[in-house]
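Model, not experiment: these values are computed from the prediction. Here is how names work: the chains are called A, B, and so on, in the same order as the sequence lines, proteins then strands, and each is numbered from 1.
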There are 2 protein chains.
Amino acid sequence: MEKLDKIDLRILRILQTDGRIQNIELAEKVGLSPSPCLRRVKILEEAGVIERYVALLNAAKVGAGLTVFVRIWLKAQDADTVDHFTKEIRQLPQVVECHLMAGDCDFLLRVVATDLDAYRDFQVHSLTRIKGVQSVKTEIPMQKIKSTSELPL
Amino acid sequence: MEKLDKIDLRILRILQTDGRIQNIELAEKVGLSPSPCLRRVKILEEAGVIERYVALLNAAKVGAGLTVFVRIWLKAQDADTVDHFTKEIRQLPQVVECHLMAGDCDFLLRVVATDLDAYRDFQVHSLTRIKGVQSVKTEIPMQKIKSTSELPL
DNA sequence: GATGAAAGCTTGTCCTA
DNA sequence: TAGGACAAGCTTTCATC
């Protein structure tokens, strides 16, 4: 993929806010006719600039209203321990984000749950049962100030 | 909105992985004909269970390849200080997530940038210039293990 | 990048269980 | 109360300019 020009960026900005916009309307907004507009979208998709289209749900309304950040320290940092941990984490649907960190802790997770009870259950029965986990520190947000899937362009 | 039944959940699961699936195909997958399927989707949208449809971009390919977590402590925690800070944060497109925290720090942010240089620039020129910011601690992920917009259903 | 045409989808109405 | 059938009107999408 060569460089993104102004029209590509405009297309991406719009698709980031409305992934279901009709091509005909998108074309109008970026100042093209439908064919070349669709051609550009397809190119952006094939180049992997657009990774996927998804519906975003209201977390509270589907029983995932609580977000928790979890810091995790492993007993060791060798490849086996880390690989095993990451493999297990990827299987857990409550873990929506997981990063291997430089510095203080080993991993930083974002976990969703219905409420604190459900989270405690998850921590006791799933998270801390993974082999190699030494300690876990939970951090709880009181208010979500901002959360977006839109990347700056 | 009454309770979500099995078919609703199936619809939501599918739309979370493919927000652009055609109604006709969605209907087939959930075992309905197109009309009642579309009717359910519309109800889910109107009830706010489905909040929006978006395109997810490849962060690296649009110059947002670096994710950074930032902990922030304010000089005070009164309403004015906090409100001013949150208002400013919402304006910054590099901040894709911001939570008011219980406990240690005041805010936890997720920030995207092109590279460390760009992030330093952001921290020096935007973040720490916001009135009321006392200190900032940056945490850098070395590897993204998992990141999804799919909520467990 | 635009035009035009064929194929297929969306979506509303009405009917049925 | 919910699903199914059908049809009109659009969109998508591709070949051609």
Quick one: list whatever passes salt bridge (charged side-chain N to carboxylate O under 4.0 Å, His left out) with B:E28, sequence neighbours left out.
->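 Counting only residues at least two positions away or on another chain, B:E28 forms no salt bridge (charged side-chain N to carboxylate O under 4.0 Å, His left out).
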
Among C:dA2, C:dT3, C:dG12, which nucleotide sits nearest the side chain of A:L32?
-> C:dA2

Whole-Å distance between C:dG1 C1' and A:L38 CG?
-> 13 Å

Could you check how far CD of A:E28 sits from P of C:dG1, rounded to whole Å?
->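 Rounded to the whole Å, the gap is 17 Å.
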
Using the ring of each side chain (for Trp, its six-membered ring), is A:H99 parallel, tilted or perpendicular to B:F69, with breaks at 30° and 60°?
-> perpendicular

Taking only Lys NZ, Arg NE, NH1 and NH2, and the carboxylate oxygens of Asp or Glu, determine whether A:D5 and A:R40 approach each other closer than 4.0 Å.
->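 Yes, charged N to carboxylate O under 4.0 Å.
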
Quick note, salt bridge (charged side-chain N to carboxylate O under 4.0 Å, His left out) partners involving residues 89-100 of chain B, not counting sequence neighbours, are A:R110-B:E97, B:E97-B:R110

Can you tell if the side chain of [X] reaches within under 4.5 Å of the side chain of [Y], non-hydrogen atoms only?
X      : Y      : result
B:V70  : B:F107 : no
B:L127 : B:Y119 : yes
B:I72  : B:F85  : yes
B:D104 : A:E139 : no

Taking for each residue the nucleotide of DNA chain C with the nearest heavy atom, is it B:P34 or B:R39 whose nucleotide lies nearer the 5' end?
-> B:P34

Report whether A:L57 and A:L66 are members of the same hydrophobic cluster (ILVMFWY, side-chain heavy atoms less than 4.5 Å apart, transitive linking).
-> no

Just grab all the ring-ring contact (aromatic ring centres under 6.0 Å, His included) pairs involving residues 21-44 of chain A, residues at least two apart or on different chains.
-> none

Select from B:G31 and A:K42 the residue whose nearest nucleotide in DNA chain D is closer to the 5' end of that strand.
-> B:G31

Nucleic acid contacts of residues 15-27 of chain A, taken as heavy-atom distances under 4.0 Å to DNA chain D | A:Q22, A:N23, A:I24

Test applied, side chain to side chain contact (heavy atoms under 4.5 Å, CB included); reference residue, B:I145; option that passes from A:V95, A:T86, A:L108, A:L109 |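 Of the listed options, the one satisfying the test is A:T86.
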
Which two nucleotides bound the region of DNA chain D that has atoms under 4.0 Å from heavy atoms of chain A, read 5' to 3'?
->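 Taking any atom under 4.0 Å from a heavy atom of chain A, the span is D:dT11 to D:dC14.
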
If you fit an axis to the five pairs at each end of the helix from C:dG1-D:dC17 to C:dA17-D:dT1, how big is the angle between those two axes, to 10 degrees?
->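 That helix gives 30° between its end axes.
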
Ignoring hydrogens and angles, does a donor from either the side chain of A:S35 or the base of C:dT3 sit under 3.5 Å from an acceptor on the other?
-> yes

